[in-house]
Amino acid sequence: MHIKKVLSLLFLVATFTCSGANASDKPNVIIILADDMGFSDIGCYGGEIETPNIDALAAGGIKFTQFYNTARCCPTRASLMTGLHPAETGIGHMTCAPGEVKLYKEPCPAYQGYLNKNCVTIAEALKGSGYTTLMTGKWHLGFNDKGRWPLHRGFDKYFGCVAGATNFFYPEYPRGMMYGNTDIIKDPQSTTDRRFYTTDAFTDYAIRFIKEEKSEKDRPFFLYLAFTSPHWPLQAHQEEVAKYKGKYMMGWNKLREQRYKKQIELGLIDPKWKLSEQDGPDWDEMDENKKKDMDLRMANFAAMVDRMDQNIGKLVSYLKEAGEYENTLILFLSDNGGCAEGGELAGNTDPFDLDKWEHTYGAGPSYGKVWANASNTPFLKYKHFTHEGGISTPLIAHWPKMVTKAGAWYREPAYLIDLMPTVLDATNWNYPTEYNGNKISPAEGVSLLPSLGGKSLNRGKPMFWEHENNAAMLEGDWKLVGTNVARPKGPDATKWELYNLKDDRTEQNNLAAKKPKKVKQMATQWYEWAKRTKVYPKPRH
């Protein structure tokens, strides 16, 4: 359903919630984005990591069983911020920081690596609506020109990392901390009683910005809090690491089985869906020293998720103290599935060499494909891929004034392009057709607000994905997956996989050979979508 129709149908709900034109009665909106966190890494989705604050939001909100990202950092942020598919925004692939090799040999607007002028961010869309727009954390939507940074894309205040991932304790240029749109902070000061840590700082600046806004103008706010946790390098305070060290000596095989069992008990997954096969060697094949190495890597990962949860609890506590909690829509999700970058058994950096571990930037301090596979329990694959393990994320929607069945699972599929219409619906605002003299590409998502009352989204259209030549389409229960769609050679040129997700969401039974007509029909639709949304033509590497 087109966004304008959605807004019209839900006008009465939004008007009731927003109490007319009085800006002070409008809801605050917070989007919290985790980085490289898998489908099963939080307690309410089957994990053993301590996440009581996220779990509390889930218990008081709605939990989506089938929400999708776009499999990678930059494209996810582009879709989340604009309500468009990645290539439509100019970020069909990745952005590049200074000194990094450009991805393509020829210019291509759909793959330029920064947001174009034919899209608007949520912050830009809310301009003029009485909202203040705040952001802390990871931007990753254009680096090399200050005109591409948050304060030039609709945000009033910003603190974070423009280029993407950073060292968590010692961030340095070009991956350092920035305040506003110009100042690069070379030696950031701690915002807590412990030494500087990005996860803590992003939260503390978010609270600071809200306090400043409330004291100055008392307007409703939109906050985009984009954590870099638990993206590599896996670095955490030792107090949290100590909580988990030794707990993963069970190994990834048993951890996946443990999470799978809990997911069934929670009602998150259907027991008839088989647990996907372990991707990598068995734990018992490791010698004792390697087991301790891999245990400590996973302990660092768990500690990062734990600390992120603590910070989310800190933000929620502030909202309650300030009287803002009841009328704040909070959306929590992750940008892609668990990350297998760093190799099957992770990088070469020694996790027991704490000084080197904490001063390293890159995928050396990572946890490898084997633990990423566990993070994405019960699914296949991980970040980069359009199988369920790459694009599935928890989504928690929490808004006390609107949720009617707290803690319920919501089972209709949804994805990133739905967040723009959801925010505009909640704030009773319109999606622009023009902005700053530029024609804006039409948005195609649907508002998720009906889910808060247990009602249908009435989408009525298929869902599509493409990243790094990995493709997917979801039409009803049928999912088409392709892993080599570099050039538009037609629906018969790709080796497609076909799954019925109602019976087999873990993608264990490929039905493509049995249903060639269904494959061709869906593949034809996928190519039509890909051409329309500027996936093609793709530039040469």
Tell me yes or no: between the side chains of [X] and [Y], is some donor less than 3.5 Å from an acceptor?
X	Y	answer
Ser276	Arg256	yes
Tyr68	Gln66	yes
Asn53	Asp309	yes
Tyr367	Ser375	yes
Asn509	Asp504	no
Gln508	Glu277	no
Asn470	Glu466	no

Backbone N/O of [Y] and side chain of [X]: donor-acceptor pair under 3.5 Å:
X	Y	value
Arg77	Cys73	yes
Thr89	Leu84	no
Asp36	His231	no
Asn510	Glu497	no
Lys369	Tyr382	no
Lys63	Cys44	no
Thr51	Gly43	yes
Asn167	Thr360	yes
Thr136	Gly160	no
Ser229	Met304	yes

*Could you go step by step and tell me if Tyr224 and Ile122 meet the side chain to side chain contact (heavy atoms under 4.5 Å, CB included) rule?*
CA-CA 10 Å; Tyr224 175 35; Ile122 294 174; over 6 Å; no

I'd like to know if [X] and [Y] make a salt bridge, using a cut-off of under 4.0 Å between side-chain N and carboxylate O.
X	Y	result
Asp41	Arg259	yes
Asp503	Lys272	yes
Arg459	Asp418	yes
Lys383	Asp335	no
Lys356	Asp350	no
Glu239	Arg194	yes
Asp270	Lys502	no
Glu468	Arg72	yes

*Are more than 12 heavy atoms from other residues, nucleotides or ligands located less than 6.0 Å from atom NZ of Lys291?*
yes

*Do other residues, nucleotides or ligands put more than 12 heavy atoms under 6.0 Å from the CG atom of Asn348?*
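No.
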
*Check: Leu448 and Phe67 side chains under 4.5 Å, non-hydrogen atoms*: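 In short, these two side chains touch, coming nearer than 4.5 Å.
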
*Just wondering, do Pro171 and Pro188 contact through their side chains at under 4.5 Å, heavy atoms?*
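Yes - at least one pair of side-chain heavy atoms lies under 4.5 Å apart.
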
*asked:* Pair Tyr248, Trp371 - check side chain to side chain contact (heavy atoms under 4.5 Å, CB included), show working.
replied: CA-CA 10 Å; Tyr248 294 102; Trp371 287 126; 3.9 Å; yes

*Cationic tip of Arg505 within the cone over Phe39's six-membered ring, i.e. under 6.0 Å and within 45° of the normal?*
yes

For the [atom1] atom of [X] and the [atom2] atom of [Y], what is their distance to the nearest 0.5 Å?
X	Y	atom1	atom2	result
Leu345	Lys290	CG	NZ	5.0 Å
Met294	Leu296	CE	CG	10.5 Å
Asn253	Asp282	CG	CG	4.5 Å
Met473	Met522	CE	CE	4.5 Å

*Test side-chain contact (heavy atoms from CB on, under 4.5 Å) applied to Val403 - qualifying residues, sequence neighbours left out*: Ile62, Ala406, Leu452

*Give the ring-plane orientation class for His467 versus His93, where under 30° counts as parallel, over 60° as perpendicular and anything between as tilted.*
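Plane angle between 30° and 60°, so tilted.
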
*Should the ring pair Phe464 and Trp529 be called parallel, tilted or perpendicular, given that the plane angle runs from 0 to 90° and is split at 30 and 60?*
parallel

_Chi angles and distances behind the salt bridge (Lys or Arg N to Asp or Glu O under 4.0 Å) call for Glu388, Lys381_ = CA-CA 7 Å; Glu388 293 292 285; Lys381 299 293 185 180; over 6 Å; no

*Of Asp35, Thr70, Asn69, Thr393, which meets side chain to side chain donor-acceptor pair (under 3.5 Å) against Thr76?*
Thr70

*From the options His237, Gln189, Glu358, select the one residue that forms a side chain to side chain donor-acceptor pair (under 3.5 Å) with Arg195.*
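Of His237, Gln189, Glu358, side chain to side chain donor-acceptor pair (under 3.5 Å) with Arg195 is met by Glu358 alone.
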
*Carefully, step by step, assess Thr506 and Tyr499 under the rule side chain to side chain donor-acceptor pair (under 3.5 Å).*
CA-CA 9 Å; Thr506 52; Tyr499 301 99; over 6 Å; no

*side-chain hydrogen bond (donor to acceptor under 3.5 Å, both in side chains) with Trp232: which residues, sequence neighbours excluded?*
Glu341

*Check whether the ring centres of Trp465 and Tyr415 lie less than 6.0 Å apart, and answer yes or no.*
yes

*Begin with the C-alpha distance, continue with both residues' side-chain angles, and end with the deciding distance and a verdict on salt bridge (Lys or Arg N to Asp or Glu O under 4.0 Å) for Lys247 and Glu48.*
CA-CA 10 Å; Lys247 290 188 176 181; Glu48 73 296 328; over 6 Å; no

_Show, in sequence, the C-alpha distance, side-chain angles and deciding distance for Arg297 and Asp293, and conclude whether the salt bridge (Lys or Arg N to Asp or Glu O under 4.0 Å) test is met._
CA-CA 6 Å; Arg297 291 174 185 274; Asp293 175 291; 2.7 Å; yes

*Could you give me the CA-CA distance, side-chain angles and deciding distance for Trp252 and Asn373, then say whether side chain to side chain contact (heavy atoms under 4.5 Å, CB included) is met?*
CA-CA 8 Å; Trp252 40 78; Asn373 190 204; over 6 Å; no

*asked:* Let's go through Tyr244 and Asn300 carefully: what are the C-alpha distance in whole Å and the side-chain angles of both, what is the deciding distance for side chain to side chain donor-acceptor pair (under 3.5 Å) to 0.1 Å, and is it a yes or a no?
replied: CA-CA 8 Å; Tyr244 297 97; Asn300 272 271; over 6 Å; no

*Under the side chain to side chain donor-acceptor pair (under 3.5 Å) rule, what do Gln235 and Tyr361 come out as? Steps first, then yes or no, please.*
CA-CA 10 Å; Gln235 296 159 338; Tyr361 167 76; over 6 Å; no

*For Phe169, the option from Trp357, Tyr197, Phe196 that meets ring-ring contact (aromatic ring centres under 6.0 Å, His included)*: Tyr197

*Those residues that, when tested against Tyr410, pass ring-ring contact (aromatic ring centres under 6.0 Å, His included) (two or more places apart)*: Phe64

